[in-house]
Amino acid sequence: STLMNTREIIVVVQLRLDANHRDEFLRTLYDIVERSRIAPECLSYELFSRAEDENTLVLFQMWSTREAFEQNWLYTDLPRINTNSHWLAAAMESWELLQLPL
């Protein structure tokens, strides 16, 4: 099926915010989310907070190609977050997901 041939990339990013910088950080993050969502290769881009901790945010991104992911996240948005890493209470974690056929 065409579904199996698509090489989309799904990335989850967990960000633990310093509560004192929450509003500043969210402004930057909303800006990143808005910018990313309009990219034609962006399939999904959602921001969540952990139910048990509003300062732990989870970013769920799905891109149609690795190139788009790298261009938009690795080279454009990730540096903006790293520049303001004092807003974070812990090191950012991220991982890639691979879809298993069911």
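The closest side-chain heavy-atom distance from V13 to M92 is below 4.5 Å.
Shown here are the side-chain contact (heavy atoms from CB on, under 4.5 Å) partners of T56, two or more places apart in sequence or in another chain: Q14, R16, R50, D53. In this structure, D23 has no side chain to side chain donor-acceptor pair (under 3.5 Å) partners at least two apart in sequence or on a different chain. With sequence neighbours excluded, the residues satisfying salt bridge (charged side-chain N to carboxylate O under 4.0 Å, His left out) with R37 are E46. Contacts of E34 classified as salt bridge (charged side-chain N to carboxylate O under 4.0 Å, His left out), with partners at least two apart in sequence or in another chain: none. Every residue two or more places apart in sequence or in another chain was checked for a side chain to side chain donor-acceptor pair (under 3.5 Å) with W73, and none qualifies. Under the salt bridge (charged side-chain N to carboxylate O under 4.0 Å, His left out) criterion, D18 pairs with no residue at all, not counting sequence neighbours. With sequence neighbours excluded, the residues that form a side-chain contact (heavy atoms from CB on, under 4.5 Å) with N84 are H86, W87. Every residue was checked against the side chain to side chain donor-acceptor pair (under 3.5 Å) condition with T28, not counting sequence neighbours, and none meets it.
The distance from the OG atom of S94 to the CD1 atom of I81 is 10.0 Å, given to the nearest 0.5 Å. To the nearest 0.5 Å, atoms CG (L26) and CD1 (I32) are separated by 11.0 Å. Here the CG atom belonging to L57 is positioned 9.0 Å from the CG atom belonging to L88, to the nearest 0.5 angstrom. Atoms CG and OG, from L59 and S36 in turn, are 8.0 Å apart once rounded to the nearest 0.5 Å. In this structure, CZ in R80 is found 9.0 Å from CG in L29, a value given to the nearest 0.5 Å. The CD atom of Q61 sits 6.0 Å away from atom CZ of F69, with the distance rounded to the nearest 0.5 Å.
The salt bridge (Lys or Arg N to Asp or Glu O under 4.0 Å) contacts involving residues 84-96 comprise R66-E96, where partners must be two or more places apart or lie in separate chains.
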Practice task
Could you go through the side-chain contact (heavy atoms from CB on, under 4.5 Å) check for L17 and E54 one step at a time?
Solution key: CA-CA 9 Å; L17 305 192; E54 66 166 9; over 6 Å; no
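L100 forms part of no hydrophobic cluster, judged by ILVMFWY side-chain heavy-atom separations under 4.5 Å. Annotation for L97: hydrophobic cluster partners, listed by chain and number, are I10, V12, L43, F48, V58, F60, M62, W95 (ILVMFWY side-chain heavy atoms under 4.5 Å, direct or chained).
In this structure, the side chain of D31 does not engage the main chain of R27 through any donor-acceptor pair within 3.5 Å. Looking at S64, its side chain never comes within 3.5 Å of a backbone N or O of E8 through a donor-acceptor pair.
By the criterion of side-chain heavy atoms lying less than 4.5 angstrom apart, applied directly or through intervening Ile, Leu, Val, Met, Phe, Trp or Tyr residues, Y75 is grouped together with V11 in one hydrophobic cluster.
For the residue pair T76 and Q71, the shortest heavy atom distance occurs at OG1-O, 2.6 Å. The minimum heavy-atom distance linking L74 with P79 is given by the pair O-CD, 3.3 Å.
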